[in-house]
Structures are given as C-alpha cells and as structure tokens.
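Here is the structure we will look at.
Residues: numbered from 1 along the sequence shown.
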Amino acid sequence: MKQSLAARLIGAVAAGTVAATVVVGCSSQNQVPSIGYAVDAVIASYNGGTALGASSGSDAVFARVLTGFFYTGPDGQQVADTDVGTAKEVPGEAQTVQYRLNADGVYSDGVPTSCDDLVLAWAARSGRYTKPGDRGQVPLFDAASTAGYADIERVDCQPGSKDATVVFRGDRHYLSWRNLFAAGELMPAHVAARVANVPNVVTAVQSGDQAALQRIADFWNNGWTIGADKLDQSRFPSSGPYRIDSYSAEDGLVLVANERWWGNKPETGRIVVYPKTADLKSKVGDNAVGVVDIGAGSVKDINLDGFSVRTVPGRGAEQLVLGTGGVFGSADARRAFALCVPRQALFDKLGKAKDAPKSGLGTGVLNSRITQQDSLYYPAVIGAADKYQGANVSGATAAVAAAGAPNPTIRIGYRKPDERRTQTVQMIADACKPAGISVVDAGSADFAPPQLTEGKVDAVLGSTASAPGPAGSETGVAATSALRTGSGLNFGRFGNGRYDSITDQLAGDDNSTTTLNLRTEAENLLWAEMPSIPLFATPRTIAFGDGLRNGIAGPTQAGTGWNMDRWVLRR
C-alpha cells in the first residue's frame with residue numbers, strides 16, 4: 001500500500017525525529033494562505049547535481065519541487081518517497097536495482113516522468129562522458145560528485161518508459177545506493193533534450209553521440225542557473241507538490257501548489273522562500289516569515305519573539321576548506337595554520353548549540369571530516385586530532401619557520417552577511433597573529449566557493465562541501481566527496497590517491513573492523529595533509545511561528561523545508 005508523505009511524517013515523529021516541533025493552532029483561527037520560509041541557502045541553480053547547485057544549498061530549497069526516489073529526512077537519513085516510485089535491489093551477479101516510476105507521475109508542464117530522467121542523472125554524474133582538455137580528458141558535465149554513479153555500469157531504459165534497471169559494475173557494490181536518483185537529482189530530461197535539440201536523452205547516451213552529449217551537457221551545466229534574469233518557466237517544470245511561480249532577489253522564490261501533482265495536495269498553497277541574499281532580519285521583523293532555518297548567530301539582532309525556537313547541532317561540519325596552492329602549497333604550511341586556529345575556543349564561544357544532546361553530535365570540537373560525532377566509530381578514529389586543539393602559538397611559529405614561508409597572509413572567504421562567521425575569522429586572526437600569521441577577512445555578499453579554486457582566497461569558511469547554509473547527511477556522501485580527487489565539490493583541489501582508494505572501499509564494505517581501520521587511516525591521512533580544518537557541528541537555529549503546525553526541524557542538507565507541503569499556519 002502506498003504510504004503518503006503525511007503518513008511518513010507522522011512515523012518520523014513517532015521514531016523520535018530531531019527537534020520535532022508541532023504547534024497545534026486553535027480551530028477558530030483562520031489558515032494563512034502563504035507561509036514565508038527564511039533559510040540561509042543561496043538560490044543559484046535548480047540543478048542540485050551541479051557543483052553550483054550543491055554548494056549553494058539547492059536541496060534545502062527544491063526538495064519538494066524536484067522529487068526523487070528518496071529524500072533526506074530530518075535526522076539526515078534517506079527516506080523512500082513512494083509517491084515518486086519504488087526502488088528495490090534484486091538478486092544477480094552484479095548489484096542491480098530496479099526502479100519503477102509512479103504511473104501517474106507527470107511534470108507540471110504535462111510531460112510524464114520517465115526513466116529518461118534517470119539516464120540523464122547517471123550520464124551527468126558518472127564521470128564517464130568526457131572531452132579533450134589542456135591536460136587530457138575532462139568531464140563534459142560539471143557534476144558536484146560522481147559518488148555511486150561512477151560505479152554504475154549501465155541504466156537499462158526504453159525512452160519514455162516508467163521502468164529502469166540500474167546495473168552496477170561487477171567489481172563494485174555501493175552500500176549507499178539510496179542516495180542515488182534522490183530529490184534534487186532527477187532533472188527533467190525532456191527539457192534538456194528539447195533545448196539540446198535531440199530526440200531524447202536516452203538515445204544520445206546509448207549511442208555515445210558526442211555532439212549531442214556536448215549540447216546536453218552545456219544545458220545541464222548552465223541551463224538551470226537562477227540569477228537576475230527572469231526565469232523561462234518552460235525550463236523549470238516541477239515533479240513535486242510545489243512548482244516555481246516566480247523569483248526575484250527582492251521578493252524571494254515564490255512556490256505555488258503544482259496542479260498536476262499526483263500525491264497528497266499541499267496543505268498550504270503558497271510558500272515564499274527568502275534565501276541568504278534577502279534581508280532576513282527585516283523579513284522576520286515585517287511578519288513575512290513563518291519558518292526560520294539559519295545558522296545560529298548568523299543574523300545579528302534577529303528578533304524571534306512569537307516563534308518557538310530551538311538551536312540544534314546540524315549534520316553539516318563547520319570547517320575551513322584550505323587551498324592547496326599559493327600560501328598553502330605545502331602541507332607544512334597548512335599544518336602550521338591549523339596549529340594556531342583556536343578550535344576549542346571557537347566551539348566554546350560559537351559552536352555550542354543550546355539544545356544539543358548530552359553526548360554525540362554537537363557536544364564538543366569536531367575532530368573528524370568524514371565520520372559523524374554520534375557514530376560508534378567516532379571516538380576511535382580521531383586520535384590524530386589531539387595536537388590540533390588550537391591556539392598553539394609556539395608550535396605554529398615553529399611550523400611556519402619549517403614551512404619556509406615566513407609571515408604568511410591567509411585570506412578567508414565566506415558568504416556575507418554572517419555574524420557568526422565574521423566573529424570566527426576575527427578569533428582566528430587574533431589567535432594566529434602572535435605566530436606571525438596574518439588572517440584577512442575576505443568575506444563578501446557575492447562570495448562563492450569556486451573563488452578558492454581561482455586563487456582569490458586561501459580558505460573557505462562554511463559547512464560541509466563549503467555550503468553557506470544547510471548541509472550534511474547521515475551517510476556523509478558530500479563530506480567524503482568534497483576531498484576526493486577531481487570532485488566538483490573539492491574546491492581546494494586536494495588530491496590523494498590513497499584517500500580515494502579508502503573512500504572507494506568504504507563505499508562498498510560493511511565489515512565493522514574493516515570500516516574502523518579505514519576510517520582511522522583516512523583521518524590520520526587528512527590530519528597529516530590538512531586539506532581542511534574541522535571546527536564543530538554547524539549549529540542551526542530553527543524557529544516556527546506561533547500557529548505553525550507540522551513543522552519538524554531538519555538540520556541537514558535538505559533543511560527544515562523537507563516537508564514544507566505539510567505546513568499549516570493558523571492565525
């Protein structure tokens with residue numbers, strides 16, 4: 001029997017979902033027809049599969065617009081979305097998953113959902129399709145990550161069909177297969193085909209037509225970008241309960257009920273998403289917002305009177321992502337900087353979440369990049385972090401001298417305004433100055449993580465995969481991918497073959513002893529090479545206005561909007 005999202009939501013609450021808040025309004029009150037949602041993601045791309053989309057937080061905005069076989073739940077877990085279809089592993093020599101899209105599934109433009117969408121997602125994110133570059137072959141598609149998709153041998157699909165069979169390579173087994181073809185990853189293939197002027201994506205992929213694939217890739221990479229220009233609505237059809245009505249920097253992203261949605265009708269017909277680029281303090285002050293989901297302390301003097309407020313540790317890792325060129329061209333220089341970064345003091349002042357549990361996530365300095373603090377493996381894999389508790393001036397001074405780069409200047413970039421991150425940079429500057437390391441606040445209102453790749457900054461201050469807002473998941477795929485050689489999320493361009501091999505093995509081996517050994521080796525390697533400096537689990541302030549029902553905090557990459565179609569506001 002098909003289970004609706006509403007039923008799954010109730011089940012999630014019963015299971016003890018993180019920071020659940022259900023405010024029951026008086027029956028005599030009137031339902032508000034539109035709810036404002038303030039979130040510190042940046043609306044930059046409809047396509048969550050691109051580096052731009054993933055690093056700006058599109059999953060937190062479009063999870064109920066572009067649906068998939070799974071979505072990220074409020075605890076960071078993958079939850080099946082049976083409104084979209086079913087996915088199940090089937091016996092065979094190679095790992096095989098059968099996908100069946102809902103027979104009633106149709107985009108808001110009237111075109112049925114089909115396995116073409118899966119073929120496009122796989123082609124774009126497999127890394128298989130390349131073109132000549134200055135230094136050899138380079139990917140056609142600007143994918144955020146190839147994790148899992150690179151392990152797929154083929155996607156069997158007849159163009160327009162509701163069925164697809166995904167067959168993995170014989171030498172691979174991908175444990176986290178539920179992360180594939182998920183919300184935000186199944187883009188409308190019929191739009192890509194139309195704009196690229198090909199009959200369908202499936203035939204172009206199966207035939208390996210390089211010219212057609214190049215046109216498809218050009219659109220996939222850039223055709224769903226959201227900027228100052230008015231949106232061409234024909235390119236942005238929805239497969240979820242909401243569709244885009246309009247977008248502007250001033251008025252935010254207006255989502256309205258998708259009339260062609262085949263599942264449960266949204267409880268509220270209009271959601272207005274106000275991203276980080278909006279004046280969130282003013283929007284809240286003007287009573288335009290019913291739900292707030294922002295980094296704790298990021299919006300100065302925001303008044304949340306009239307809201308039910310909780311500050312909880314997120315699944316995202318607040319961190320400094322370091323470049324591997326310029327001033328950080330050597331691991332010695334990166335380690336020197338890590339010695340003076342006051343990680344314990346930063347956690348004590350800026351990283352503590354008021355509503356953190358007594359143990360696990362958010363209860364101390366974060367000492368791992370790829371293992372969550374509430375994992376059973378965490379205490380055993382973090383030994384190499386002991387020497388980097390921070391503010392070690394003498395150690396940093398000696399390390400700077402050993403690195404052969406006296407008086408380095410470190411430019412730290414992040415998306416402004418962000419009061420907590422501004423304070424973070426200032427505390428780092430104060431702590432590192434005695435060691436002869438100058439730290440410059442290079443945050444800006446238009447900052448984006450690729451500025452690290454371009455050499456405009458030396459480090460990015462952000463959450464997992466350099467995201468400015470909601471980030472992280474229980475499986476940690478983005479965290480692992482962000483340090484993998486060649487990954488679109490690897491903005492520091494770190495590369496280590498042994499790390500890549502470890503993550504490949506972790507993706508397919510569920511033996512606990514092997515997993516413990518591999519995770520320990522990975523962290524030892526990362527603390528030695530220092531491509532990033534973890535600080536703490538990013539604290540999230542999540543608030544629901546009085547009269548808001550069915551609001552459940554989601555301090556993950558999907559944000560609290562993961563179930564926005566169930567929100568009801570009565571006043």
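The side-chain hydrogen bond (donor to acceptor under 3.5 Å, both in side chains) check on Ser45 picks up nothing, with sequence neighbours excluded. Partners of Phe181 according to the ring-ring contact (aromatic ring centres under 6.0 Å, His included) rule, which considers only residues two or more places apart in sequence or in another chain, are Tyr99, Tyr149. Not counting sequence neighbours, Thr50 has no partner by the side-chain hydrogen bond (donor to acceptor under 3.5 Å, both in side chains) test. Listed by chain and number, the residues in a side-chain hydrogen bond (donor to acceptor under 3.5 Å, both in side chains) with Arg411 are Asp458 (sequence neighbours excluded). Judged as a side-chain hydrogen bond (donor to acceptor under 3.5 Å, both in side chains), and not counting sequence neighbours, Thr225 has no contacts.
Proximity of a side-chain donor or acceptor of Trp220 to a complementary backbone N or O of Asn47 within less than 3.5 Å is not detected. When atom types are taken as modelled, the side chain of Thr538 and the backbone of Gly314 share no donor-acceptor pair closer than 3.5 angstrom. A donor-acceptor pair under 3.5 Å is formed between the side chain of Arg334 and the backbone N or O of Phe328. Judged by distance alone, the side chain of Gln373 and the main-chain N or O of Gly362 form a donor-acceptor pair under 3.5 Å. The main-chain N or O of Leu366 is found under 3.5 Å from a side-chain atom of Arg343 such that the two form a donor-acceptor pair. A donor-acceptor contact shorter than 3.5 Å is absent between the side chain of Thr514 and the backbone of Asp510. Judged by distance alone, with hydrogens and angles left aside, the side-chain atoms of Glu419 form no donor-acceptor pair with the main-chain N or O of Ala296 at under 3.5 Å. Checking side-chain atoms of Ser466 against main-chain N and O of Gly462 turns up no donor-acceptor pair under 3.5 Å. Although no hydrogens or angles enter the test, the distance criterion places a donor-acceptor pair under 3.5 Å between the side chain of Asp500 and the main chain of Thr485. Without hydrogens or angle criteria, Arg315 side chain to Asp75 main chain gives a donor-acceptor distance under 3.5 Å.
Nearest heavy atoms, Ile412 versus Tyr414: O-CD2, 4.1 Å. The nearest pair of heavy atoms linking Asp446 to Gln451 is O-NE2, 3.5 Å. In terms of heavy-atom proximity, Ala51 sits nearest to Leu489 at O-CD2, 4.3 Å. Here the closest heavy-atom approach between residue Ala150 and residue Arg169 is recorded as O-NH1, 3.4 Å.
For Leu175, the CG atom counts as densely surrounded, since its 6.0 Å shell holds more than 12 non-hydrogen atoms of other residues, nucleotides or ligands.
Distance check: Phe141 CZ to Asp218 CG gives 9.0 Å after rounding to the nearest 0.5 Å. In this structure, Asn179 CG and Glu474 CD are separated by 10.0 Å, a value rounded to the nearest 0.5 Å.
Among Tyr46, Tyr247, Trp224, Trp562, the single residue meeting the ring pair (Phe, Tyr, Trp, His ring centres under 6.0 Å) criterion with Phe62 is Tyr46.
For Asp441 and Arg421, the salt-bridge test fails: no basic side-chain N is under 4.0 Å from an acidic carboxylate O. The pair Asp504-Arg484 counts as a salt bridge, with a side-chain nitrogen and a carboxylate oxygen less than 4.0 angstrom apart. Classification of Arg415 and Asp40 as a salt-bridged pair fails, no side-chain N sitting under 4.0 Å from a carboxylate O.
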Test log, rule side-chain contact (heavy atoms from CB on, under 4.5 Å), inputs Asn367 and Tyr378: CA-CA 9 Å; Asn367 290 319; Tyr378 181 80; 3.5 Å; yes
Ser463 vs Gln319, side chain to side chain donor-acceptor pair (under 3.5 Å): CA-CA, chis, key distance, verdict: CA-CA 6 Å; Ser463 194; Gln319 60 186 306; 5.9 Å; no
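Side-chain contact between Pro470 and Val39 is present, with at least one heavy-atom pair separated by less than 4.5 Å.
Each salt bridge (charged side-chain N to carboxylate O under 4.0 Å, His left out) pair with one or both residues in residues 383-392, not counting sequence neighbours, would appear here, but there are none.
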